[in-house]
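Inspection log for the structure reproduced underneath, given as structure tokens.
Residues: numbered from 1 along the sequence shown. Please read all numbers here as calculations on a predicted model, not as lab measurements. Just the heavy atoms: all of them, side chains too, but no hydrogens, waters or symmetry mates, feed the values below.
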Amino acid sequence: MRRPKLRKASKRLTCHKRYKIQKKIREHHRKVRKEAKKRGHKKPKKDPGIPSAAPFKEELLREAEQRKQRLEELKQKQKLNRQKEHEKKRKLEAKKNADKITEKAEGKESSRKSKAKTKNLPDKNSKKSFCRELKKVIEASDVVLEVLDARDPMGCRCPQLEQAVTCSGDKKLLLVLNKIDLVPKENLGKWLNYLNKEFPTVAFKSATLMKDKTMPDQFTRRRARVDLSRTTECFGSKCLLRLLQEYVKTQNKAIQVGVVGFPNVGKSSIINSLKGVRACNVGLTRGVTKSMQIVHVDKQTKMLDSPSIIADPSNSTLALALRSIIDTEKSDSAELLEGADAILNHCSKQQVMIRYTMPDFRNTEEFLTLLAQKRGMLKKGGVPDIENTAKLLLCDWTGARVSYHSQPPESPRPPPYLTEDKIAELRDCFNLKKLEEENTTTVQALKSPSPASSIIFQSAGMTNGTIEENKVIEEASEWGNLETSKEGEEEEEEDFTESDDDQDEEEEEEEDVEEESSVRVTRKAKPGKRQTRPTNSEKQRAESENSNSLSISFDKTADEDDAYDFNTDYVE
């Protein structure tokens, strides 16, 4: 048996191997010498020195010693010069390091000061910054365009903004009735006649799917499967540009035109259609434009894009659902259900059933469950996702998917800030007859839906908005930080926990009962009133459903047959 190797292996070799290695080394040296001889490499010859029989031998030796001393002196001088240069470099590096340290300290102090300033200032997503940017646009503009949704023009009007513009004196206010392709022609004519009595109104249909400047000609989006090079046709742009040019001639100077309005009325899309290129960002979500943007349309006109007007919380639930900047991802399920309930209560039930091709429903929750089953929006176990269907309903009604129309008021009463003299002043510098003719031509050329396919909608009237920054009330549920909201939720959960085992068993039994019979939202008897807030157990259940809910893409619905095809082609 072999012994275990307790020590390292020895490096000793056998004699046969050692002699073999020495032999190879000798052969290698021999080859190297032969190659050196072939190249002509020879050893340097030694200096024989001065022979003793040479004359002046002592003088030559003295000269050689003097040369050696001179060379040594030169070497010493060079060493001293090198040392001096090194010392200079070290001093410069030390100064640079000291300057860097002082700059860093100053930078830290300045960053602390800037952070302290930025803490006092609101974020870009805050409502106060929206109000500040909107006020900048109103003050800088000579002509203000208030964009209205043709489906509910009265609900898109803000009396506070109209009063601020009309009372300024020098500014002109024009109304732009956008999304006219979603309204029947008869209803559109009634609204134009009603609004022209107060302000000059332009019928407009903005172009969609516009191409960016930096985008190549043959660019297609794979996910959406939409060719961005094919833009839909725009209506009313020539009429609006002609009105602005008329005002420029009267002023004899370049003007700035501010575009204002509530969210999802099409402010940025109007600027893009006038420019002919996608100059401003456009999206289905609310609050895409967060600051003032300047777009040069002509040499004489500048368009100022503004953030959305913030709806006052004192408005009705319908106005808050359609006109407020609600973040659907952060909002509570109760708010979404209230908004969906308010929309369904203000329109005819039969037309909603025809539009969504659904059977009869008793309340809002049943409608949302049927819609979720139809669209395939289900959770684990086939449970319908009511919260996400409510989001989808709100996005349909604020976007351009659903065609609905409201009737103008029968007895027109102008607001108190609009007197006859003020109306006459606002109509100066504009040719109203030509404006009516161009509006009629655009309405005739446009392909609009039939009254049977459009849903009749009951408007809630004008929507109050907050323009001044001091009157804005920030809501933590919409604009608070995610960290603070999570901390608050954890504290609430800790408060509601109970230590006794009997109480835990009772809570589990209550949760099982609640899962079987989900909370239903009853229809409201009177529009405009809010519902009572749910209890703590309902809130917890809604939050758990929100966390487990799947993300939805609103670009394309599950059933393409439900969508109405609004092709904007001229009538032959």
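- Between the R151 side chain and the V402 main chain, a donor and an acceptor come within less than 3.5 Å of each other.
- For N252, there are no side-chain hydrogen bond (donor to acceptor under 3.5 Å, both in side chains) partners, not counting sequence neighbours.
- If you check the side chains of D152 and S459, you find a donor sitting under 3.5 Å from an acceptor.
- Not one N or O on the side chain of S453 forms a donor-acceptor pair closer than 3.5 Å with the backbone of P449.
- One N or O on the side chain of K171 and one on the backbone of E139 form a donor-acceptor pair closer than 3.5 Å.
- For residues 139-163, no residue pair satisfies the ring pair (Phe, Tyr, Trp, His ring centres under 6.0 Å) rule, not counting sequence neighbours.
- Residue pairs meeting the ring pair (Phe, Tyr, Trp, His ring centres under 6.0 Å) criterion with at least one member in residues 170-192, sequence neighbours excluded, are W191-Y194.
- K172 contributes no side-chain N or O that, together with a main-chain N or O of R427, makes up a donor-acceptor pair within less than 3.5 Å.
- Among the candidates L175, L174, L173, the single residue satisfying the side chain to side chain contact (heavy atoms under 4.5 Å, CB included) test with P200 is L174.
- Judged by distance alone, the side chains of D305 and S268 do bring a donor and an acceptor atom under 3.5 Å apart.
- Side-chain atoms of N196 come within 3.5 Å of backbone atoms of L192 as a donor-acceptor pair (strictly under, hydrogens ignored).
- Looking only at distances, no side-chain donor or acceptor of S403 sits under 3.5 Å from a matching main-chain atom of S454.
- Using modelled atom types, no side-chain atom of Q256 and backbone atom of V143 make a donor-acceptor pair closer than 3.5 Å.
- Here the shortest heavy-atom pairing between V265 and V147 reads O-CG1, 3.5 Å.
- The closest donor-acceptor contact from the side chain of N187 to the backbone of S406 lies under 3.5 Å.
- Side-chain contact check for L393 versus K391: every heavy-atom pair is 4.5 Å or farther apart.
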In a table with atom names and distances, give each donor-acceptor pair under 3.5 Å that connects a side chain of residues 236-247 to protein atoms at least two apart or in another chain.
from: R242; atom 1: NE; to: E438; atom 2: OE1; distance (Å): 3.4
from: R242; atom 1: NE; to: E438; atom 2: OE2; distance (Å): 2.9
from: R242; atom 1: NH1; to: E246; atom 2: OE2; distance (Å): 2.3
from: E246; atom 1: OE1; to: N431; atom 2: N; distance (Å): 3.4
from: Y247; atom 1: OH; to: Q251; atom 2: NE2; distance (Å): 3.4

* To do: Evaluate the criterion side-chain contact (heavy atoms from CB on, under 4.5 Å) for residue pair D149 and N178; output intermediate values, then yes/no.
  => CA-CA 5 Å; D149 194 340; N178 195 18; over 6 Å; no

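- Remark: T201 pairs with no residue by the side-chain hydrogen bond (donor to acceptor under 3.5 Å, both in side chains) rule, at least two apart or across chains.
- T398 places no side-chain N or O within 3.5 Å of a backbone atom of L322 that could act as its donor or acceptor partner.
- Looking at heavy atoms from C-beta onward, L378 lies in side-chain contact with P384 at the 4.5 angstrom threshold.
- Taking each heavy atom of M292 and E133 in turn, the nearest pair found is N-OE1, 3.1 Å.
- Considering S141, S306, P307, C158 as possible partners of V260, the one that fulfils the side chain to side chain contact (heavy atoms under 4.5 Å, CB included) test is S306.
- Contacts of T419 classified as side-chain hydrogen bond (donor to acceptor under 3.5 Å, both in side chains), with partners at least two apart in sequence or in another chain: none.
- With a 6.0 Å cutoff to the six-membered ring centre and a 45° limit on the axis angle, K349 does not count as a cation-pi contact of F367.
- T357 places no side-chain N or O within donor-acceptor distance of the main-chain N or O of I354, the cut-off being under 3.5 Å.
- Of the charged side-chain nitrogens involved, at least one lies within less than 4.0 Å of a carboxylate oxygen, so that R157 and E198 count as a salt-bridged pair.
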